[in-house]
Amino acid sequence: MFKSLPEQAQKVSVTIEDRTVQVPAHWSVAAAVLVQDMDSTRDSPVTGAPRAPYCLMGVCFECLTEIDGEPNQQACLRQVREGMVIKRQCGARRVLS
Amino acid sequence: MSADCDLVVIGAGPAGMAASVTAVELGLSVVLLDEQRAPGGQIYRDVEAPGLARPAVLGPDYDRGKALAAALRSTKLEYLPDTSVWQLSRDLEIGLHRDGRARFIKARKVIVAAGAMERPMPIPGWTLPGVMTAGAGQVLLKSAGIIPTGPVVLAGSGPLLLLLAWQYLRAGLKVDALLDTTPLGNYFSAAPMLPKALTAPGYIIKGLKLLVELRMSGIRMLSGISRLTAMGHERLGSIEFVRGSRTEVIPTKLLMLHQGVVPNTHIAVAAGCEQDWDTTQLCWKTRCDEWGATSVQGLFVAGDGAGIMGALASEHTGRLAALGVAYTLGKLGGAELQRRAAPEHSARLEQLRARPFLDTLYRPAEDFRLPADDTLLCRCEEVTAGEVRLAVGLGCAGPNQAKSYTRCGMGPCQGRVCGGMVSELIARERRMPVGEAGFYRVRPPLKPITLEQLANAATD
């Protein structure tokens with residue numbers, strides 16, 4: 001669905017849904033996920049409908065993702081980091097994790 | 001809690017950057033908070049990053065952000081990027097969140113320069129993966145140098161949509177179609193405002209140049225689109241549109257929607273600032289005077305967050321707000337205030353000359369503002385427009401009651417996306433002015449925060 005323009009960039013290794021990939025260090029988590037051709041980044045807790053980032057600026061909250069074990073992270077506002085573990089968020093969050 | 005600083009500025013876009021620099025020049029201690037990792041807001045997003053040939057793709061206007069960011073970097077203030085504001089109280093106590101830790105700071109004055117957000121475009125299927133805003137496309141381009149691969153359709157109305165198509169063209173990508181939903185009647189209503197718009201520095205010429213280049217590129221551009229549907233099972237597969245009497249389907253995996261931008265009033269609403277519904281721009285605006293002073297004492301707004309005005313006018317209102325704040329803190333007298341403010345006022349007015357034309361030309365059609373019954377209105381809680389209409393029929397009097405009846409507005413976005421639509425829809429159903437129908441009450445925390453972080457913040 002998306003590809004990156006040729007640019008020199010330092011890369012980091014992140015794991016997205018158990019797949020380890022190299023992405024430019026300055027990318028947001030949302031950008032990293034979109035380039036992997038993942039259809040959706042979470043399931044809506046109301047009906048389970050698949051959802052993906054919509055606004056990419058922190059307003060719509062569609063990109064809620066589990067990052068390094070922490071749920072409800074807005075992927076568009078988080079920068080990738082070496083060794084980051086990114087997982088889709090399915091269903092409602094548990095109050096105590 | 002005693003004040004930590006003279007002024008906290010929320011938002012490091014053009015208004016916030018200009019306000020911060022001017023405030024420091026006037027002798028104030030300033031803390032600048034921003035959610036992004038670098039200054040620029042959305043319009044100048046990642047302008048400091050040395051990407052490959054970015055100006056060549058993004059256009060020369062983007063460069064203005066570099067000068068603003070450079071001025072910011074050489075100014076003595078406390079700049080906190082990657083920082084979310086989860087609370088702004090009436091007595092200007094700010095709850096902020098950074099690097100997994102929350103804390104409070106207290107300001108003597110606050111300028112909220114939170115900018116604009118995309119106006120939602122609630123078409124059937126708009127929540128399918130593969131449907132995004134044109135703004136999202138620009139963020140990917142500016143901050144990561146990412147462009148679509150396969151088929152992409154742009155649809156909607158407004159200069160940003162044309163700009164994105166043009167930027168993609170310069171990056172080597174021809175979009176499959178550009179569907180313009182601008183109501184054809186708008187061209188007639190807007191025509192009388194064109195002469196004044198032509199006196200605004202460069203706007204119209206730039207727009208025309210863009211259009212000519214797009215037309216010459218051979219991109220399929222269709223106007224007068226009256227209906228649009230995103231279709232697919234679990235992700236976008238195709239879009240269907242109606243133009244005149246013809247219906248057509250285009251297979252595509254990516255649809256970028258845009259019908260203008262509206263002020264992001266969320267923080268100001270949460271702080272208790274009075275809002276007004278602008279019947280021309282069809283959006284809520286924080287009520288403020290010529291300095292940006294709101295109904296909450298000590299709280300000012302500047303930039304697109306105060307009313308859509310564009311990046312250049314935003315700078316001027318940022319400086320005016322800083323001047324207003326400095327005056328209320330006794331840093332300068334009335335005569336000096338007027339002397340410094342005069343050029344900012346006139347520059348601002350000059351930049352605004354194209355607005356009546358643009359606002360009229362790109363006024364979105366009602367069908368694209370108030371969706372059909374079976375279309376989702378609240379994305380977070382999956383509430384359809386029909387459910388809200390039904391609730392009104394059952395006695396629901398306003399947006400806050402709609403929350404109880406339907407859960408509309410109670411999801412994670414707290415009504416940022418659906419708020420304006422719900423106000424308009426309820427006003428329409430109850431046959432009253434939108435201003436009277438009102439807006440959601442917004443309560444902190446405005447951004448996700450854990451109880452642990454909250455508890456630690458209180459004891460720090």
Side-chain angles (χ1 to χ4, degrees), chain A residues 1-9 23-35 37-65 67-68 70-74 76-80 88-89 92-93 95-97, chain B residues 35-38 42 45-46 49-53 57 82 84 100 115 117-118 120 126-133 135-141 143-150 152 171-172 234-236 253-254 257 264 266 379-383 407 411-414 416-417 447-448 450-451:
Chain A
M1 210 163 58
F2 284 101
K3 71 173 181 204
S4 111
L5 291 171
E7 264 184 23
Q8 297 287 62
V23 295
H26 63 282
W27 280 14
S28 68
V29 174
V33 163
L34 282 168
V35 163
D37 240 347
M38 265 172 68
D39 277 351
S40 71
T41 49
R42 75 178 180 114
D43 288 344
S44 154
V46 182
T47 63
R51 294 292 180 95
Y54 173 77
C55 80
L56 281 184
M57 56 172 282
V59 163
C60 74
F61 287 76
E62 291 286 3
C63 63
L64 291 176
T65 305
I67 295 177
D68 290 336
E70 293 268 2
N72 282 341
Q73 302 298 300
Q74 287 180 285
C76 66
L77 294 176
R78 293 286 306 274
Q79 190 174 341
V80 292
R88 289 177 83 249
Q89 192 160 291
R93 301 300 85 218
V95 174
L96 299 170
S97 45
Chain B
E35 244 180 355
Q36 307 296 336
R37 65 198 170 98
Q42 299 308 321
R45 187 142 173 174
D46 279 307
L52 179 74
V57 172
D82 287 312
S84 291
M117 47 176 255
E118 291 259 349
W126 68 306
T127 52
L128 283 169
V131 181
M132 306 169 77
T133 62
Q138 285 199 313
V139 166
L140 289 173
L141 189 54
S143 65
I146 288 174
I147 60 171
T149 54
V152 50
E234 303 220 323
R235 65 137 20 257
L236 180 69
K253 294 187 90 178
L254 204 51
L257 299 172
N264 188 346
H266 204 72
R379 296 174 61 109
C380 295
E381 294 293 324
E382 303 202 48
V383 181
R407 279 200 66 85
C413 96
Q414 299 181 316
R416 285 169 174 89
V417 176
K447 284 278 164 155
T450 66
L451 287 172

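Letters go in sequence order (proteins before strands), and every chain restarts at 1. Since this is a predicted model, take the numbers as computed values, not measurements.
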- Note on the structure: Closest heavy-atom pair, A/Tyr54 versus B/Val131, reported as atoms and distance to 0.1 Å, is CD1-O, 3.7 Å

- Task: To the nearest 0.5 angstrom, please state how far the OG atom of B/Ser143 sits from the CD atom of A/Gln79.
- Result: 10.0 Å

- Between B/Thr133 and A/Leu56, is a side-chain contact (heavy atoms from CB on, under 4.5 Å) present by the stated rule, with each step listed? CA-CA 8 Å; B/Thr133 62; A/Leu56 281 184; over 6 Å; no

- Note on the structure: Of all heavy-atom pairs linking B/Arg37 and A/His26, the shortest is NH2-O, 3.2 Å

- Determine whether B/Gln414 and A/Phe61 make a side-chain contact, defined as any pair of heavy atoms from C-beta on separated by less than 4.5 Å. no

- Task: State the CD1-OG distance between B/Ile146 and A/Ser28, to the nearest 0.5 angstrom.
- Result: 7.0 Å

- Note on the structure: Honestly, the part of A/Gln73 sitting under 4.5 Å from a heavy atom of chain B is neither

- Top contributor to chain A interface from B/Cys413, B/Cys380, B/Pro120, B/Gly150 [non-hydrogen pairs under 4.5 Å]: B/Cys413

- Item | Leading residue by heavy atom contact count with chain A [cutoff under 4.5 Å; candidates B/Val152, B/Thr127, B/Asp82] | B/Thr127

- Which atoms of B/Glu234 approach chain A - backbone, side chain, both or neither, heavy atom under 4.5 Å: both

- Worked verdict on B/Val417 versus A/Glu62 for side-chain contact (heavy atoms from CB on, under 4.5 Å): CA-CA 11 Å; B/Val417 176; A/Glu62 291 286 3; over 6 Å; no

- Does any N or O in the side chain of A/Arg51 come within less than 3.5 Å of the main-chain N or O of B/Arg379, such that one atom is a donor and the other an acceptor? yes

- Task: Below 4.5 Å from any heavy atom of chain B, which atoms of A/Pro50 appear? Answer side chain, backbone, both or neither.
- Result: both

- Could you look at A/Val35 and say if it's the side chain, the backbone, both or neither that has a heavy atom under 4.5 Å from chain B? side chain

- Rounded distance (nearest 0.5 Å) linking atom CE of A/Met1 with atom CG of B/Leu236: 9.0 Å

- Contacting moiety of B/Gln36, where chain A heavy atoms sit under 4.5 Å: side chain

- Item | Chi angles and distances behind the side-chain contact (heavy atoms from CB on, under 4.5 Å) call for B/Lys447, A/Leu77 | CA-CA 12 Å; B/Lys447 284 278 164 155; A/Leu77 294 176; 3.6 Å; yes

- Query: Which residue out of A/Val23, A/Asn72, A/Val59 racks up the most heavy-atom pairs below 4.5 Å with chain B?
  - Reply: A/Val59

- Proximity breakdown for B/Ile147 and chain A, heavy-atom pairs closer than 4.5 Å: both

- Given B/Glu382 and A/Ser44, is the side-chain contact (heavy atoms from CB on, under 4.5 Å) satisfied, shown in steps? CA-CA 9 Å; B/Glu382 303 202 48; A/Ser44 154; 2.4 Å; yes

- Query: Just how far is it from atom SG of A/Cys55 to atom CD of B/Gln42, taken to the nearest 0.5 Å?
  - Reply: 8.0 Å

- Message: Rounded at 0.5 Å granularity, tell me how far CG in B/Leu128 sits from OG in A/Ser40.
- Response: 11.0 Å

